[in-house]
Amino acid sequence: MNVRRRHISGIAVTAAAALGLGTLSACSSDSAAAGNTDKFDVVASFYPMQYLAQQIGGEHVNVTTLTEPGQEPHDLELSAKQTAEMGEADAVLYLKSLQPAVDEAITQSDVQTKIDAATLTTLEDHGSVEHDHAGGEHAEEKHTEEKHSEEEEHALDPHVWLDPVKYAEIAEGVAKAFEKADPDHAADYRKNADALAKKLAGLNTAYTDGLKNTDTKVFFTNHAAFGYLAERYGLTQEAINGLDPESEPSPARIKELQEEAKADGVTTVFYETLVSDKTAKTLAKDAGLKTDVLDPLEGITDKSKGDDYLAVMESNLKALEAALGAK
């Protein structure tokens, strides 16, 4: 296999050890964690990309991720060292428009295989969804500065991994890219990809069956991360806030949502694991609703209801079934 041997700094080794990245390869030594091996070294931008690389690559890949567990991926800023070390990988797997800092670093990088998940499926415009909705003044300033030149890009919703069907399309594209870049292990990549496709198909079936017959089709969320999921399963997502999931909704917005909750039989306001639940609890208290977690799966932490993509998506399904009154 034509994979260059690596040397990565002690800082990166320490970071990798802290993230448990050594366990992602067949060997858990420091050198393996650092990517100084004959494995196919993949840098993933954030958790949904990391999961695909691990599932498809199996024992042949050494996966590192740019976004630490618990870090809101939209807020990611890369150090010069991270950017330089990205160029030492065999492949980088990312979702263009989700993390501007990553997009810029990849543009400057000479990494041989650049896999943009956004090109492997069709991104859609879900109305007011912004790709930079991390919140805060920086996000709003950024939005104001760029909205004229990148209006179309801003309108496209990046949260495709929350639709198992679209996620499976991305997985297939990643598998083909791995097969091409590392042909010596193409057969194993194909076998792993087929196994993952079956799991995702099973997840899609579970969602389809579980949400087919419900008392209501409307659910409230902190911000609009679940547009693809809602569209896939005939639901309506109503986001309290668009750009900033942690801002306080206006009294008028609270009243509007209270009325909609009554009209549509909404029982629950969902919040996320990586942002404050303050907004959701404010609305729930005022409207007499329950709160629960609907995880956008941007990262796995000890607060996650499951230790990987499939487990958390299954937990999300149970939460939706309960909130929507599934029969």
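Sequence positions, counted from 1, serve as the residue numbers for this chain.
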| message | Quick one, Asp90 with Phe178, criterion side-chain contact (heavy atoms from CB on, under 4.5 Å). Give me CA distance, side-chain angles, the key distance, then yes/no. | response | CA-CA 10 Å; Asp90 295 302; Phe178 279 18; over 6 Å; no
Enter the distance from [X]:[atom1] to [Y]:[atom2] here, rounded to the nearest 0.5 Å.
X      : Y      : atom1 : atom2 : result
Leu200 : Glu172 : CG    : CD    : 11.5 Å
Lys114 : Ile106 : NZ    : CD1   : 7.5 Å
Leu289 : Lys262 : CG    : NZ    : 10.0 Å

Going only through I, L, V, M, F, W and Y residues with side-chain contacts under 4.5 Å, is there a path from [X] to [Y]?
X      : Y      : answer
Leu310 : Val160 : yes
Phe220 : Ile254 : yes
Ile240 : Val293 : no
Leu162 : Tyr271 : no
Val111 : Val102 : yes

Can you tell if the side chain of [X] reaches within under 4.5 Å of the side chain of [Y], non-hydrogen atoms only?
X      : Y      : result
Leu196 : Leu52  : yes
Leu317 : Leu211 : yes
Lys96  : Asp103 : yes
Gln54  : Val61  : no
Gln258 : Asp286 : yes
Met86  : Gln108 : no

[X] versus [Y], closest heavy-atom pair with distance:
X      : Y      : answer
Leu324 : Val218 : CD2-O, 3.3 Å
Val174 : Leu120 : N-CD1, 3.8 Å
Val312 : Gly306 : CG2-O, 3.6 Å
Met313 : Tyr207 : O-OH, 2.6 Å
Ala225 : Pro296 : CB-CB, 4.1 Å
Ala284 : Thr291 : CB-CG2, 3.4 Å

| task | State whether Glu256 and Arg253 are salt-bridged, where the test is any N-O pair (Lys NZ or Arg NE/NH1/NH2 against Asp/Glu carboxylate O) under 4.0 Å. | result | yes
| message | One thing to verify: whether Lys327 and Glu321 come together as a salt bridge, which I'm taking to mean a side-chain N less than 4.0 angstrom from a carboxylate O. | response |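 Looking at Lys327 together with Glu321, the answer is no, because their closest N to O distance does not fall below 4.0 Å.
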| task | Starting from the C-alpha separation in whole Å, work towards a yes-or-no answer on salt bridge (Lys or Arg N to Asp or Glu O under 4.0 Å) for Lys176 and Glu179. | result | CA-CA 5 Å; Lys176 288 179 178 177; Glu179 290 168 35; over 6 Å; no
| remark: The ring-ring contact (aromatic ring centres under 6.0 Å, His included) partner of Trp161 among Phe226, Phe46, Tyr47 is Phe46
| Can you list the steps and then say if Lys198 with Asp194 is a salt bridge (Lys or Arg N to Asp or Glu O under 4.0 Å)? | CA-CA 6 Å; Lys198 287 182 180 178; Asp194 289 345; over 6 Å; no
| Once the angle between the rings of His60 and His185 is folded into 0 to 90°, is it parallel (under 30°), tilted (30 to 60°) or perpendicular (over 60°)? | parallel
Flag for [Y]-[X]: side-chain donor and acceptor within less than 3.5 Å:
X      : Y      : result
Tyr233 : Asn204 : yes
Glu298 : His74  : yes
Glu231 : His126 : yes

Donor-acceptor pair, distance only, cut-off 3.5 Å: does the side chain of [X] make one with the backbone of [Y]?
X      : Y      : result
Thr267 : Ala323 : yes
Lys166 : Leu229 : no
Asp41  : Ala89  : no
Asn316 : Asp295 : yes
Thr216 : Asp264 : yes

| request: With side-chain contact (heavy atoms from CB on, under 4.5 Å) as the test, would you mind laying out the steps for Gln99 and Thr67 before giving the verdict? | output: CA-CA 10 Å; Gln99 298 169 290; Thr67 308; 3.0 Å; yes
| field | Candidate pair Asp308 and Lys199, rule salt bridge (Lys or Arg N to Asp or Glu O under 4.0 Å), full reasoning | value | CA-CA 13 Å; Asp308 68 6; Lys199 292 178 185 176; over 6 Å; no
| field | side-chain contact (heavy atoms from CB on, under 4.5 Å) assessment of Phe219 paired with Gln237 | value | CA-CA 5 Å; Phe219 63 99; Gln237 168 191 243; 3.7 Å; yes
| task | Quick one: which residue pairs count as a ring-ring contact (aromatic ring centres under 6.0 Å, His included) with a foot in residues 298-327, not counting sequence neighbours? | result |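 Applying ring-ring contact (aromatic ring centres under 6.0 Å, His included) to every pair that reaches into residues 298-327, excluding sequence neighbours, yields Tyr51-Tyr309, Tyr167-Tyr309.
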| Considering residues at least two apart in sequence or located in another chain, which fulfil the ring-ring contact (aromatic ring centres under 6.0 Å, His included) criterion with Tyr94? |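 Partners of Tyr94 by the ring-ring contact (aromatic ring centres under 6.0 Å, His included) criterion come out as none, since no residue qualifies.
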